Amino acid sequence: MEEKILPRHIGIIMDGNGRWAKKRHLPRTAGHVQGARAFRKCLRYCADLGIECVTFYAFSTENWKRPQEEVDAIMKLFSDYLDEGLGMSEDDIRMKFIGDPSPLSEPLKAKMQDLTERSSANKGTICCIAVNYGGRDDIVRAVRCLVRSGASAEDITEESVSEQLDTAGLPDVDLLIRPSGEQRISNFLIWQAAYAEYVFMDVLWPDFKEKDLDLALEEYARRNRRFGGI
């Protein structure tokens, strides 16, 4: 694909792990394991394409409502993948984590910080992982930060809020992809995706392949992005 039609920032809602496992009469944790493999393949392909930034919705502020056994399994899998470095070294990937880390365990937060620091000099694709993330929570925390800094009502602008969001310094989302057949964004990057092109796909996330990303990118290239103009 020509570089001029590639999005700078892709957001991906990794959905369908549980349904993938259920269809195969496997525990839901098996779906998360397979979903993690799909994540690595997708990230590497984005890096090969030269995508500037890709943000993966890994765990939302609402996902704590799931059974504790499943939450624990997701966090264990996430920790194991952090230990492996998520393949950032060979692909020159820079890691960034967004969301409120306060409920996470101290060892997990330490691993996230370590990986962020170790990859900070990398020049390739920025891999942004949303953990305990919610779009509304992101905005609330940004506004609270402005208020605590003494900002007046006139100081609160689109620019000042954007600078306090977890994604500060990153381009807005151009393309938001949700596999699994669901057609909602589930509180994901709701500020940053204000003018994103949405592509909903019927494939479950563990089955998501490079060809599926190609299809989404082809659809994105066909869109006429007017940003409110004519």
Side-chain angles (χ1 to χ4, degrees), residues 1 5-60 62-63 66 70 73-78 80-82 84-88 90-91 93 95-99 124-131 133 135 173-189 192-193 196-223:
M1 294 185 186
I5 59 174
L6 286 175
R8 294 180 64 195
H9 188 172
I10 300 175
I12 300 178
I13 300 174
M14 300 185 291
D15 189 27
N17 294 343
R19 276 168 285 168
W20 182 92
K22 184 178 180 180
K23 285 176 62 177
R24 291 159 177 79
H25 306 288
L26 297 171
R28 289 176 61 86
T29 53
H32 295 303
V33 170
Q34 192 65 28
R37 292 171 182 159
F39 155 77
R40 296 190 72 161
K41 290 180 182 178
C42 184
L43 173 58
R44 182 163 285 117
Y45 191 49
C46 285
D48 290 343
L49 291 174
I51 302 298
E52 182 177 341
C53 179
V54 55
T55 299
F56 294 91
Y57 205 8
F59 194 86
S60 76
E62 291 74 37
N63 286 155
R66 295 185 177 188
E70 182 176 351
I74 292 172
M75 292 302 168
K76 174 65 166 57
L77 182 62
F78 181 44
D80 290 344
Y81 266 66
L82 290 178
E84 296 174 19
L86 299 170
M88 61 149 190
E90 59 264 34
D91 294 314
I93 289 168
M95 299 301 305
K96 180 178 177 64
F97 298 91
I98 63 173
T125 295
I126 300 170
C127 173
C128 197
I129 301 181
V131 184
Y133 178 86
V173 177
D174 298 303
L175 169 63
L176 193 149
I177 303 170
R178 180 165 191 160
S180 83
E182 303 290 352
Q183 298 190 17
R184 57 181 179 271
I185 63 172
S186 298
N187 200 19
F188 180 50
L189 299 174
Q192 299 88 336
E197 299 296 327
Y198 294 179
V199 174
F200 301 107
M201 311 182 78
D202 286 331
V203 60
L204 298 174
W205 174 248
D207 291 326
F208 194 88
K209 304 288 193 302
E210 290 89 342
K211 64 180 178 62
D212 298 300
L213 182 59
D214 284 340
L215 289 173
L217 291 172
E218 288 168 7
E219 176 60 27
Y220 171 81
R222 288 192 288 268
R223 303 280 179 90

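Keep in mind it's a predicted model, so treat the numbers as computed, not measured.
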Counting N and O atoms only, with roles assigned by atom type, does the side chain of R178 sit under 3.5 Å from a partner on the main chain of R184, one being a donor and the other an acceptor?
yes
Point-to-point distance, once rounded to the nearest 0.5 Å, from CD of E52 to CD1 of I10
11.0 Å
Between Y81 and R40, does a side-chain contact (heavy atoms from CB on, under 4.5 Å) hold up when you go through it step by step?
CA-CA 10 Å; Y81 266 66; R40 296 190 72 161; 2.9 Å; yes
Looking at W20 and G31, would you say the former's side chain and the latter's main chain have a donor-acceptor pair under 3.5 Å?
no
For R223 and E197, indicate whether the former's side chain and the latter's backbone hold a donor-acceptor pair under 3.5 Å.
no
ring-ring contact (aromatic ring centres under 6.0 Å, His included) partners for F56, two or more places apart:
F39
Shortest non-hydrogen separation from F208 to M201 and the atoms involved
CE1-SD, 3.9 Å
Any salt bridge (charged side-chain N to carboxylate O under 4.0 Å, His left out) involving residues 198-212? Give me the pairs, sequence neighbours left out, ordered by first then second residue.
R24-D207
Do D15 and Y57 get their side chains close enough for a donor-acceptor pair, meaning under 3.5 Å?
no
Closest heavy-atom pair, L204 versus S180, reported as atoms and distance to 0.1 Å, is CD2-CA, 3.9 Å
Take N63 and I74 through the side-chain contact (heavy atoms from CB on, under 4.5 Å) test and state the conclusion after the steps.
CA-CA 10 Å; N63 286 155; I74 292 172; over 6 Å; no
Provide the closest heavy-atom pair for G135 versus Y133 in the form atom of the first, atom of the second, distance.
N-CE2, 3.5 Å
Heavy atoms of A21 and P27 approach each other most closely as CB-O, 3.2 Å
Straight-line distance of I93 CD1 to C127 SG, nearest 0.5 Å:
6.5 Å
T125 versus A47, closest heavy-atom pair with distance:
OG1-CA, 3.3 Å
Can a salt bridge be assigned to the pair R44 and D48 using a cut-off of 4.0 Å between side-chain N and carboxylate O?
no
Value for SG (C46) from CG (L49), rounded to nearest 0.5 Å, stands at 6.5 Å
Quick one: side-chain hydrogen bond (donor to acceptor under 3.5 Å, both in side chains) partners of H9, sequence neighbours excluded?
T55
When rounded to the nearest 0.5 angstrom, what distance separates CD1 in I51 from CG in L217?
6.0 Å
Go through the steps for F188 and V173 under the test side-chain contact (heavy atoms from CB on, under 4.5 Å), then give the verdict.
CA-CA 11 Å; F188 180 50; V173 177; over 6 Å; no
Would you please test N17 and Q34 for side-chain contact (heavy atoms from CB on, under 4.5 Å) and show each step?
CA-CA 8 Å; N17 294 343; Q34 192 65 28; over 6 Å; no
State, with a plain yes or no, whether a side-chain heavy atom of W205 is found less than 4.5 Å away from one of H32.
no
How long is the gap from CD1 on I12 to CG on L213, to the nearest 0.5 Å?
6.0 Å
Quick one: OH on Y198 to CD1 on I13, what's the gap to the nearest 0.5 Å?
8.5 Å
